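Below, chains carry the letters A, B, ... as their sequence lines are ordered, and counting in each starts from 1. Because the structure is predicted, anything quoted here is derived from the model rather than measured. Every heavy atom of this structure was used, including side-chain atoms; hydrogens, water molecules and symmetry mates were not.
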There are 2 protein chains.
Amino acid sequence: MNSSRNRRPTIIDVAERAGVSKSTAARALAGSGNINDETRERVLRAAAATGYERNHLAVGMRSGRSGMLGLVIPDITNPFWGEVARGAQDRAAESGASLLVFSSDWDAAKEATHVGTLRRARVDGAIINPVADNFDDHHRFGLPFVFIGSSAERFADISSVGSDITQAVRLGMDHLVSKGHFAPSFIVGPKSRLARARFLRAVHEHCVERDIDPGILAMEDGEYTVEGGRQAMRRLLERPHVGHVCVFAANDMMALGAMMAVREAGLNCPADVSIIGFDGIPSGEFAWPGLTTIAKPGREIGVRAVEQLFDEIEHRPEHGRVYMPCRLIERGSLADLSVPTPKRAATGAGRV
Amino acid sequence: MNSSRNRRPTIIDVAERAGVSKSTAARALAGSGNINDETRERVLRAAAATGYERNHLAVGMRSGRSGMLGLVIPDITNPFWGEVARGAQDRAAESGASLLVFSSDWDAAKEATHVGTLRRARVDGAIINPVADNFDDHHRFGLPFVFIGSSAERFADISSVGSDITQAVRLGMDHLVSKGHFAPSFIVGPKSRLARARFLRAVHEHCVERDIDPGILAMEDGEYTVEGGRQAMRRLLERPHVGHVCVFAANDMMALGAMMAVREAGLNCPADVSIIGFDGIPSGEFAWPGLTTIAKPGREIGVRAVEQLFDEIEHRPEHGRVYMPCRLIERGSLADLSVPTPKRAATGAGRV
DNA sequence: GTGAAAGCGCTAACAG
DNA sequence: CTGTTAGCGCTTTCAC
């Protein structure tokens with residue numbers, strides 16, 4: 001009868017079956033334009049009967065909108081970025097868009113390659129965690145885009161979304177104080193990483209607000225990894241100190257590494273050393289003791305980024321950065337030194 | 001001069017600039033067909049000069065190959081599936097293909113929706129972790145596809161790739177025996193899940209091989225979550241038992257939950273209770289003690305799935321299942337009872 | 001309200 | 001080896 005046994009049905013098949021023209025069928029299918037109710041019904045029925053499915057390639061080609069969005073993150077395997085991807089995915093799907101996901105491994109060359117691929121795929125726009133610090137050609141990605149992550153913050157004029165580090169640090173510091181830790185030590189990322197400066201700036205701001213001299217705060221740095229945190233903690237413990245040690249790690253992996261170092265030094269967390277992290281990765285929940293940390297809203301960031309991207313695509317210039325609030329997750333890695341035992345208080349953070 | 005200030009350059013712009021015809025330009029750009037070296041050079045230069053980039057939408061439309069692949073997994077946020085996605089992503093990129101990623105949340109309806117979206121996007125094929133157990137319409141996805149994960153194993157005639165559960169269980173059991181644990185208890189998934197049966201079958205096979213009566217093995221089940229594992233462990237500990245308890249959990253999350261239950265019961269892992277998991281998620285590394293487990297090769301599964309999918313697309317019917325070997329990761333959650341100290345063996349679970 | 005026709009950017013015969 | 005000619009499936013004027 002019909003030759004649609006092998007071919008996938010096209011709009012022409014639907015039109016023929018409904019006894020209308022291509023364009024009428026298109027109008028009915030797209031739900032656009034003025035069209036007779038009865039005609040529309042007929043077309044829709046014909047479409048269902050033939051098993052017609054819109055060819056998005058063709059739509060994209062003709063309309064200039066592919067219905068696809070790109071996402072370039074450092075590593076989909078990383079729990080934080082996985083959350084971001086999930087949020088973006090869900091929000092995109094909600095609007096009928098699909099997401100092309102790529103991992104850059106913090107490598108500028110890979111990032112460029114992937115953006116190129118996205119451009120050729122004619123995605124309508126892209127969400128990118130920029131790895132390259134040193135070039136402002138970002139403006140010439142050649143497609144609508146939105147940045148995500150803390151590394152994006154420095155591009156003030158570019159639409160971006162990330163966690164509110166200032167608020168996060170304040171949350172952490174206030175919590176530490178509430179537990180009787182007044183002068184924590186810090187484990188931060190390597191100097192090369194943008195996020196480090198951002199984190200330290202927030203710490204500094206907070207100290208100024210609270211009339212604390214940032215100079216007295218001990219600090220060690222290392223890679224944003226378990227091993228980096230472990231070594232930094234080791235160095236911290238080698239420093240002369242008295243009483244309870246409290247550490248604020250700029251990243252959960254480092255915090256977990258620090259925890260290991262504490263154990264390896266024959267000390268106990270939280271009895272001897274208190275640790276607070278930053279990220280909210282699942283592993284923190286299973287560590288022993290559970291890692292108290294400040295969780296970034298990964299999923300919400302993904303959702304929000306897609307929304308910003310839509311604005312960008314539709315030329316609703318909402319330029320500027322959106323800061324998403326973080327939240328504290330209390331688990332067991334923090335000792336409570338605030339209990340009103342005079343002796344206890346003196347033990348304190350060692351700042352006599 | 002040229003009007004290509006706004007429009008993105010097309011193959012026509014390149015052809016004009018190189019002084020050749022559209023098709024010659026196309027041939028040069030695609031690297032296909034016979035073409036004069038010098039002409040090709042000229043075209044390539046013209047392309048570079050105009051900043052031409054192939055429009056994959058148009059290519060896909062004309063050639064019938066979109067250069068896109070779909071991936072439908074339960075949850076990109078889950079560490080195992082994240083690994084799979086990453087492997088697939090990398091392998092696809094290697095061949096110049098892009099990956100559309102979707103999460104189904106183990107929901108058959110979502111799965112169907114996503115497959116529909118992929119079909120409309122005209123992906124060349126899809127990699128799917130099938131959630132629906134009860135329909136064989138899989139054959140009518142309407143596009144080339146490959147299954148992944150253990151739930152796919154029952155579709156013997158469909159190309160699929162997953163971990164080798166039989167080998168994994170053997171690896172685990174042998175390791176337990178080598179540490180002096182001869183009759184472990186089991187924590188397995190809910191009856192509704194396909195993977196459970198697959199796991200138990202492997203255990204059974206192993207027992208038969210080793211002349212062990214599977215009937216003597218204690219078993220509890222629960223959801224594949226931390227909470228599921230915790231409750232199952234609780235029930236296991238309530239059972240009458242003497243000496244050291246050894247537990248083989250069918251999933252790392254459950255194993256981690258079991259570890260919590262042990263701690264909550266005032267017991268110690270591994271002194272009183274030994275635990276071995278199955279998955280290889282990162283959290284197991286940070287738990288205390290570190291979780292000994294059998295790791296599935298998530299990334300390799302992703303890579304392999306893409307390769308199988310290419311075969312499928314190219315009509316190289318390699319139908320059948322590919323089993324990827326798992327590997328043992330030794331950490332600290334297993335007591336070594338094999339040391340020939342009679343006392344040790346008797347010390348056991350300490351709950352007299 | 002509906003149809004005819006043009007064309008998005010590219011590839012694939014088919015001639016030369 | 002290169003140019004000409006058709007479309008791929010759809011949207012979108014522009015008539016009627």
Side-chain angles (χ1 to χ4, degrees), chain A residues 2-4 6-44 46-47 50-68 96 119-124, chain B residues 2-4 6-44 46-47 50-68 96 119-124:
Chain A
N2 54 13
S3 58
S4 63
N6 302 313
R7 272 167 48 276
R8 293 167 74 166
T10 77
I11 202 170
I12 298 193
D13 299 313
V14 176
E16 277 177 359
R17 187 167 184 134
V20 297
S21 74
K22 238 173 36 159
S23 15
T24 302
R27 277 188 278 259
L29 261 11
S32 67
N34 299 343
I35 190 170
N36 186 311
D37 280 351
E38 197 232 322
T39 314
R40 182 184 19 253
E41 276 308 315
R42 199 143 36 92
V43 172
L44 260 28
T50 50
Y52 170 77
E53 283 182 309
R54 245 239 213 46
N55 182 334
H56 278 194
L57 248 40
V59 172
M61 172 136 203
R62 182 67 242 231
S63 69
R65 287 281 286 264
S66 65
M68 301 189 303
R119 231 180 301 126
R120 285 188 293 274
R122 292 304 193 263
V123 294
D124 297 328
Chain B
N2 55 12
S3 58
S4 62
N6 303 315
R7 271 169 46 276
R8 294 169 73 168
T10 76
I11 203 169
I12 298 192
D13 298 314
V14 176
E16 277 176 0
R17 187 165 184 136
V20 296
S21 76
K22 241 176 28 163
S23 18
T24 302
R27 277 188 280 258
L29 262 10
S32 67
N34 299 342
I35 189 169
N36 185 310
D37 279 352
E38 197 232 325
T39 314
R40 179 182 25 248
E41 275 309 313
R42 199 144 36 91
V43 172
L44 259 29
T50 48
Y52 169 78
E53 283 183 308
R54 244 237 211 53
N55 182 332
H56 279 193
L57 249 41
V59 172
M61 169 133 208
R62 183 66 246 231
S63 70
R65 289 280 287 264
S66 66
M68 300 187 306
R119 231 181 299 125
R120 284 188 294 274
R122 293 305 194 261
V123 294
D124 297 326

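In this structure, the CZ atom of Arg65(B) is 24 Å from the P atom of dG9(C), given to the nearest Å. In this structure, Asp124(A) atom CG and dC8(C) atom P are separated by 19 Å, rounded to whole Å. Atom P of nucleotide dT2(C) and atom CD1 of Ile11(A) are separated by 14 Å, given to the nearest angstrom. Rounded to an integer number of Å, the gap from CG of Asn55(B) to P of dC8(C) is 12 Å. Asp13(B) places its CG atom 11 Å from the P atom of dC8(C), with the value rounded to the nearest Å. One atom, CG of Leu57(B), and another, C1' of dT11(C), lie 15 Å apart when rounded to the nearest Å.
Ala28(B) pairs by the side-chain contact (heavy atoms from CB on, under 4.5 Å) definition with Ile35(B), Arg40(B), Val43(B), not counting sequence neighbours. Scored by the side chain to side chain donor-acceptor pair (under 3.5 Å) test, Thr39(B) finds no partners at all (sequence neighbours excluded).
The side chain of Arg8(B) contributes no N or O atom lying less than 4.0 Å from OP1 or OP2 of dG9(C).
Scanning atom types as modelled, no donor and acceptor separated by under 3.5 angstrom connect the side chain of Arg40(A) and the base of dG1(C). Counting atom types as modelled, Arg62(A) pairs a side-chain N or O with a base atom of dG7(C) as donor and acceptor under 3.5 Å.
Note that the two end axes of the helix from dG1(C)-dC16(D) to dG16(C)-dC1(D) enclose an angle of 40°, each drawn from 5 base pairs, rounded to 10 degrees.
Shortest non-hydrogen contact noted between Ala25(A) and Ala15(A) is CB-CB, 3.9 Å. Taking each heavy atom of Thr50(A) and Pro9(A) in turn, the nearest pair found is O-CG, 3.3 Å. For the residue pair Val20(B) and Arg42(B), the shortest heavy atom distance occurs at CG1-NH1, 4.2 Å.
When atom types are taken as modelled, the side chain of Ser66(B) and the backbone of Arg122(B) share a donor-acceptor pair closer than 3.5 angstrom.
With a 4.5 Å cut-off on side-chain heavy atoms, Met61(B) and Leu57(B) do not count as touching.
Within a heavy-atom distance below 4.0 Å of DNA chain D, the residues of residues 19-26 of chain B found are Val20(B), Ser21(B), Lys22(B), Ser23(B), Thr24(B).
Residue pairs meeting the side chain to side chain donor-acceptor pair (under 3.5 Å) criterion with at least one partner in residues 51-65 of chain B, sequence neighbours excluded, are Arg119(A)-Glu53(B), Arg65(B)-Glu314(B).
When DNA chain D is scanned 5' to 3' for any atom under 4.0 Å from a heavy atom of chain B, the first and last hits are dC1(D) to dG9(D).
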Side chain to side chain contact (heavy atoms under 4.5 Å, CB included) assessment of Thr24(A) paired with Arg27(A): CA-CA 5 Å; Thr24(A) 302; Arg27(A) 277 188 278 259; 4.2 Å; yes
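In the set dT2(C), dC10(C), dG7(C), dC10(C) carries the atom at the smallest distance from any side-chain atom of Tyr52(B).
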